[in-house]
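None of these values were measured; they are calculated from a predicted model. Naming: A, B, ... by sequence-line order, numbering from 1 per chain.
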There are 2 protein chains.
Amino acid sequence: MARTQDQRRAETRARLIDAAADLFARKGFHAVSAEAVAEAAGRTTGALYNHFGGKEGLLLALLEVWKDQTAAELLAGFEDVIVLDERLAALFEVLTRDDGDRGASWLLLEMELWLHGARDPEIGEPLARRYAGIRARLAEGLADWADTAGVPLRRSPERTATAVLGLLIGCAVQHRLDPPAVETRAVVEGLRDLLGLPDGPPHDHHLSRLAPKGEHPCGSTC
Amino acid sequence: MARTQDQRRAETRARLIDAAADLFARKGFHAVSAEAVAEAAGRTTGALYNHFGGKEGLLLALLEVWKDQTAAELLAGFEDVIVLDERLAALFEVLTRDDGDRGASWLLLEMELWLHGARDPEIGEPLARRYAGIRARLAEGLADWADTAGVPLRRSPERTATAVLGLLIGCAVQHRLDPPAVETRAVVEGLRDLLGLPDGPPHDHHLSRLAPKGEHPCGSTC
DNA sequence: GTCTATAAAAGGATAGAC
DNA sequence: GTCTATCCTTTTATAGAC
C-alpha cells in the first residue's frame, strides 16, 4: 500500500490533535508545552508549527474537531423517542463518568475551552456556535419527545433545552468536586421538573419502561 | 498613628490576594506571572514569596478568602423571605453581570478555581467544602421560604438546593459565551419549575410583589 | 519585612538539513 | 513534511542588601 503524502499529513495532524486533547484536558492548556504535545504524538515541534502555527492554533483546531464529535455523543440518548429516567440518568453520567479513558476528562477539556473562550473571542465565537448547535438539537429532540409522549413541554423547546443543558452542566460541575453530594437521582428529578413531569417513584424505576410510540409512557400513573 | 509590623504585613497580604484575584480571573492562573501579581499589588516578588511561598500558595490563600466572601453575596437574596421572580432573576444576574468591576470576573475566577480543584486535591478539597457550604445555606433558605410561603418543596431542601445551584451555574456558563441565547426569564422559569411553582405571568411581574410574612406571596393567583 | 539583582530553568518559536 | 539544533524571551525561585 502506497501512502500518499496527504495521508501521512492527515495522520500527523490527527495524532497531534489527539495528544493535545488528552494533555490539555489533564493538565490544562498553559501547563502543557508545545514540545510535550508533539512528543506525546510521536512527532516534534517542527511538525506542530507546520500544521497549526503554534499552540494557540492547535487549540483552535482541537475545538473544531471537538465540535461535532461530542455533541453527537452527548445527545445520542435524546435523539430517540421516550424520555425515561434511565435515559436522563445516562445523559448526566456521560458528563460525570470517571473511567480511565477520555470520558474522564470530557468535562475538564470542556471547561478549559470555555475559560479560553470567555476571554478570547476567537475561541469564544466558535464555542458559542457549538453550544447553540447542541441546544438546537436538544430542543428538537425534546419537542419530538413531547409530541410522541403526549406530555406538553412547559415552555418553548428552546428555553427548555437551555435549562436542561444548564442543569446538566451545573450539576456536573458540582459533581466533579464532590461526587456523593450530587446524586444522579437528584439531577434526574430536576430534569423531570423542567420537562413538566411529575415525580417518579421514590426509589425504583417502574415508570422507566419503554412505551409504544404514540402512547403515553407511564400509563395512568404519571 | 503608629502602624505596627503586623498591620503592614496584613496589608501587603491583602493587597497581594486582591491583585491575584483580579489578574487570575482576567487572564487565568498560568497566564499571569508572580511578578505581575506583585507589581499590581505595589509590591515585589520578594514579598510574595515571603508570604505565600509561590504562586500556588497564593492561589490557595485566595481560595480561603474567596470562600466566605462570595457565598454571602450570592445568597443574600435568598436569606430573606419570599422567593420572587425578581429575586430569582437577581440571583442569576449576580453570576452574569458584566460591569467593569469585580463582578464581571466572578464566574471566570470561579471556573478557574474549579479547574484547578478538579485536578489538584489540595485545591479541590477546600473548594468542595465551599460548595457544600453554599448548598447548605441555600437549602436552609429554601426550606424557610417554603415554610413561610406555604409552598411545599418538591423534594428535600438539599436536593432542591443542588439543582437550583446547578441550574444557575450551568446557565451562567452558557450565558457568558452567548448572552442573548440565555434569557434571564428562561432561567427564572426553570428555577420556578425546580421549586414547584406554577408558571409566572407571561410578560409582566405582577406576582412579584412582596407579601407580608406568613402570607402566601401571590394571593390567589399562584 | 520588603526590595534588588540574579541564577537557573523552561517555554515559544524559527532556520536549515534531510 | 518532518526533524534537529538553537535563539530569545519569560518565569520561577533565591540570596543578600537595607
Side-chain angles (χ1 to χ4, degrees), chain A residues 1-63 65 112 115-116 119-120 122-123, chain B residues 1-62 112 115-116 119-120 122-123:
Chain A
M1 63 172 194
R3 276 212 191 148
T4 69
Q5 286 184 353
D6 277 8
Q7 279 176 324
R8 171 147 183 76
R9 182 169 176 79
E11 188 193 333
T12 293
R13 189 184 163 85
R15 289 174 68 113
L16 284 168
I17 289 184
D18 229 45
D22 179 47
L23 287 175
F24 289 171
R26 287 219 316 271
K27 309 191 173 185
F29 179 75
H30 279 107
V32 173
S33 68
E35 192 179 352
V37 175
E39 190 177 3
R43 295 290 187 276
T44 58
T45 61
L48 193 157
Y49 276 87
N50 180 290
H51 277 270
F52 305 104
K55 232 171 67 171
E56 203 74 31
L58 183 55
L59 186 68
L60 210 50
L62 169 59
L63 172 61
V65 174
E112 186 79 29
L115 213 42
H116 284 265
R119 291 169 182 142
D120 174 12
E122 199 178 352
I123 302 281
Chain B
M1 60 171 194
R3 277 211 192 151
T4 70
Q5 285 184 352
D6 276 9
Q7 278 176 327
R8 173 148 180 75
R9 182 168 177 79
E11 187 192 334
T12 293
R13 188 184 164 86
R15 289 174 69 113
L16 284 168
I17 289 184
D18 230 45
D22 180 47
L23 286 174
F24 289 170
R26 286 219 318 269
K27 308 193 172 183
F29 179 74
H30 280 106
V32 173
S33 69
E35 190 179 353
V37 175
E39 191 178 3
R43 295 291 186 278
T44 58
T45 60
L48 193 157
Y49 276 87
N50 180 288
H51 277 269
F52 304 103
K55 233 171 67 170
E56 202 74 31
L58 183 54
L59 186 67
L60 209 51
L62 169 59
E112 186 78 28
L115 213 43
H116 283 265
R119 289 169 182 142
D120 174 12
E122 199 178 353
I123 302 281

Nearest-Å distance for atom pair [atom1]/[atom2], residues [X] and [N]:
| X | N | atom1 | atom2 | value |
| --- | --- | --- | --- | --- |
| A/Leu23 | C/dG11 | CG | C1' | 15 Å |
| B/Lys27 | D/dT11 | NZ | C1' | 15 Å |
| B/Arg43 | C/dC3 | CZ | C1' | 11 Å |
| B/Gln7 | C/dT2 | CD | P | 13 Å |
| A/Glu39 | D/dC3 | CD | P | 12 Å |
| B/Glu35 | C/dT2 | CD | C1' | 15 Å |
| B/Phe52 | D/dT12 | CZ | C1' | 17 Å |
| B/Arg15 | C/dG1 | CZ | C1' | 15 Å |

- Message: Show, in sequence, the C-alpha distance, side-chain angles and deciding distance for B/Asn50 and B/Arg9, and conclude whether the side chain to side chain contact (heavy atoms under 4.5 Å, CB included) test is met.
- Response: CA-CA 10 Å; B/Asn50 180 288; B/Arg9 182 168 177 79; 3.2 Å; yes

- Message: Base, sugar-phosphate or nothing for B/Thr12? Non-hydrogen atoms, less than 4.0 Å.
- Response: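 Here B/Thr12 touches the backbone only, sparing every base.
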
- Task: Please work out if A/Ser33 contacts a base, only the sugar-phosphate, or nothing of the nucleic acid, heavy-atom cut-off 4.0 Å.
- Result: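 If one applies the 4.0 Å heavy-atom cut-off, A/Ser33 turns out to touch the sugar-phosphate alone, with no base involved.
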
- Query: B/His51 side chain N/O closer than 4.0 Å to the phosphate oxygens (OP1, OP2) of C/dT2?
  - Reply: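 Answer yes for this pair, as a side-chain N or O of B/His51 is under 4.0 Å from OP1 or OP2.
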
- Item | side-chain N/O A/Lys55 vs C/dG11 OP1/OP2, d < 4.0 Å |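 Checking A/Lys55 against C/dG11: no side-chain N or O falls below 4.0 Å of OP1 or OP2.
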
Which listed nucleotide ([options]) is nearest to the side chain of [X]?
| X | options | answer |
| --- | --- | --- |
| B/Tyr49 | D/dG1, D/dT12, C/dT2 | D/dT12 |
| B/Thr44 | D/dT14, C/dT4, C/dT14 | C/dT4 |
| A/Asn50 | C/dG1, D/dT2, C/dA5 | D/dT2 |

- Query: Does the B/Lys55 side chain pair with the main chain of B/Val37, one donor and one acceptor, at a distance under 3.5 Å?
  - Reply: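 Looks like no, no N/O pair under 3.5 Å.
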
- Does A/Arg13 or B/Phe29 map to a spot on DNA chain D nearer the 5' end, using the closest nucleotide for each?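 On the 5' side of the pair lies A/Arg13.
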
- Would you please classify the geometry between the A/Phe29 ring and the A/His116 ring as parallel, tilted or perpendicular, with 30° and 60° separating the classes?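 Ring orientation of A/His116 relative to A/Phe29: perpendicular.
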
- Item | Worked verdict on A/Leu115 versus B/Glu112 for side chain to side chain contact (heavy atoms under 4.5 Å, CB included) | CA-CA 7 Å; A/Leu115 213 42; B/Glu112 186 78 28; 3.2 Å; yes

- Query: Taking for each residue the nucleotide of DNA chain C with the nearest heavy atom, is it A/Thr45 or A/Ala31 whose nucleotide lies nearer the 5' end?
  - Reply: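 First, find each residue's nearest nucleotide; the 5'-ward one identifies A/Ala31.
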
- From NE2 (B/His51) to CG (B/Leu58), nearest 0.5 Å: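 Interatomic distance, B/His51 NE2 to B/Leu58 CG, rounded to 0.5 Å: 11.0 Å.
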
